[in-house]
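Data first, discussion second: the structure below is written as structure tokens.
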Amino acid sequence: MPVALPLFPLNTVLFPGMSLPLHVFEPRYRRLITEVVDQSGESADDPERNPRRFGVVWIELGQEAAGESGQGAGGADPGDPREETATALPRISATGCTALVRDLRTYEDGRYDLVVEGGTRFRIDDVSQVDTSSRQGHPSASVSLLPEPLGPDAEEHAERVRELFDTYCRRLAEIGMTPDHMRELPKDPIALSYTVAATVVLDQPEKQRMLEAEDAATRLAVLARFLRRENRIVAAPTLHNLPSGPFLNHGVSYN
């Protein structure tokens, strides 16, 4: 059954169960967050009916507003000239993930700091037309929420990924890059596939591929190939450094 969902395009792929800090200052997305948080919270414990949610979609071409993601959580100058002109909407992927608002801070000038948690994958069926000359218009879409099938031999794939990921973490530790925010890996293959996909050093197109996988077994099989590749890279004697972003805790500062 189609669901109406406001969309928030980002340069980051959001996975189910993943936490993501956001700093929101662009007018159209301030309006989106205002509309979302002003809705009733009667269904807050039901992720399928929670009104405090919107859809995060990865930007295939174009740019998000600077400072929207957690890396820009230090805040933008309220007088920043970037807010004076409307920006064209970027080209987005057809598959995204719902974002459930977990923590929120509102500033007097209308900006927001918030932390969202990935909920359910969705496929975009139809995107609303937005007047890009308006600073207030944000995109929305009719979406279909996607199921989470296990797929064939999911447990076997999961065991292989656990072994490869353990090797990956040990090799990173040897070069001083232990992912210090890692918790115990989930036993459930679906949750495991998203936890590893969100943690391993991959570029965003590869992460989007993980999000779009038809089932957990497929996602885990592809992750196993990625991990074998990354384990060879980390073990290479000529390795100087790796992207450190996924191993740094970029929490939103509430100071």
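This chain uses plain numbering: 1 for the first residue, then up along the sequence. Note that these values count all heavy atoms, side chains included, but never hydrogens, waters or copies made by symmetry.
For Arg121 (side chain) and Leu211 (main-chain N/O), a donor-acceptor pair under 3.5 Å exists by modelled atom type. Judged purely by atom type and a 3.5 angstrom limit, Arg171 uses its side chain to pair as donor or acceptor with the backbone of Asn231. Of the possible donor and acceptor atoms, none in the side chain of Lys207 sits under 3.5 Å from a partner among the backbone N and O of Leu202. Side chain of Arg105 to main chain of Asp113: no donor-acceptor pair is present (N/O by atom type, distance under 3.5 Å, no hydrogens or angles). A distance-only check finds no donor-acceptor pair linking the side chain of Glu163 to the backbone of Arg160 [under 3.5 Å].
Minimum heavy-atom separation, Met18 to Leu14: O-CD1, 3.7 Å. Residues Phe54 and Leu5 come closest through the heavy atom pair C-CG, 4.0 Å. For the pair Ser193 and Leu223, the tightest heavy-atom approach, listed with the atom from each and the gap, is O-CD1, 3.3 Å. Taking every heavy atom of both residues into account, Leu100 and Arg53 meet most closely at CD2-CB, 3.6 Å. Shortest non-hydrogen contact noted between Pro16 and Gly119 is CB-O, 3.3 Å. Residues Glu148 and Ile190 approach most closely at O-CD1, 3.1 Å, considering heavy atoms.
With a 4.5 Å cut-off on side-chain heavy atoms, Thr195 and Leu185 count as touching. Counting only heavy atoms from C-beta outward, the side chains of Leu172 and Val201 never approach each other to under 4.5 Å. At least one side-chain heavy atom of Ile124 sits less than 4.5 Å from a side-chain heavy atom of Ile92. The shortest side-chain heavy-atom distance between Val57 and Cys97 does not fall under the 4.5 Å cut-off. Counting heavy atoms from C-beta on, the side chains of Phe165 and Thr199 come closer than 4.5 Å.
Looking only at atom types and distance, the side chain of Glu60 has a donor-acceptor partner in the side chain of Ser93 under 3.5 Å away.
Using a 30° and 60° split on the angle between ring planes, Phe15 and Tyr194 fall in the tilted class, from 30° to 60°.
To the nearest 0.5 Å, atom CD of residue Glu159 and atom CG of residue Asp153 are 13.5 Å apart. The distance from atom CD of Gln208 to atom OG1 of Thr12, rounded to the nearest 0.5 Å, is 11.5 Å. Rounded to the nearest 0.5 angstrom, Leu20 CG and Leu114 CG are separated by 8.5 Å. Rounded to the nearest 0.5 angstrom, Trp58 CH2 and Asn11 CG are separated by 8.5 Å.
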- Would you check, one step at a time, whether the test side chain to side chain contact (heavy atoms under 4.5 Å, CB included) holds for Thr120 with Leu146? CA-CA 7 Å; Thr120 306; Leu146 298 176; 5.9 Å; no
- Task: I would like to know whether Arg229 and Glu206 meet salt bridge (charged side-chain N to carboxylate O under 4.0 Å, His left out); could you show each step before the answer?
- Result: CA-CA 13 Å; Arg229 180 194 70 188; Glu206 289 174 327; 2.9 Å; yes
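Thr34 is linked by a side chain to side chain contact (heavy atoms under 4.5 Å, CB included) to Asp38, Tyr112, counting only residues two or more places apart in sequence or in another chain. Listed by chain and residue number, Arg162, Pro189, Leu192, Leu220 satisfy the side chain to side chain contact (heavy atoms under 4.5 Å, CB included) test with Ala158 (two or more places apart in sequence, or in another chain).
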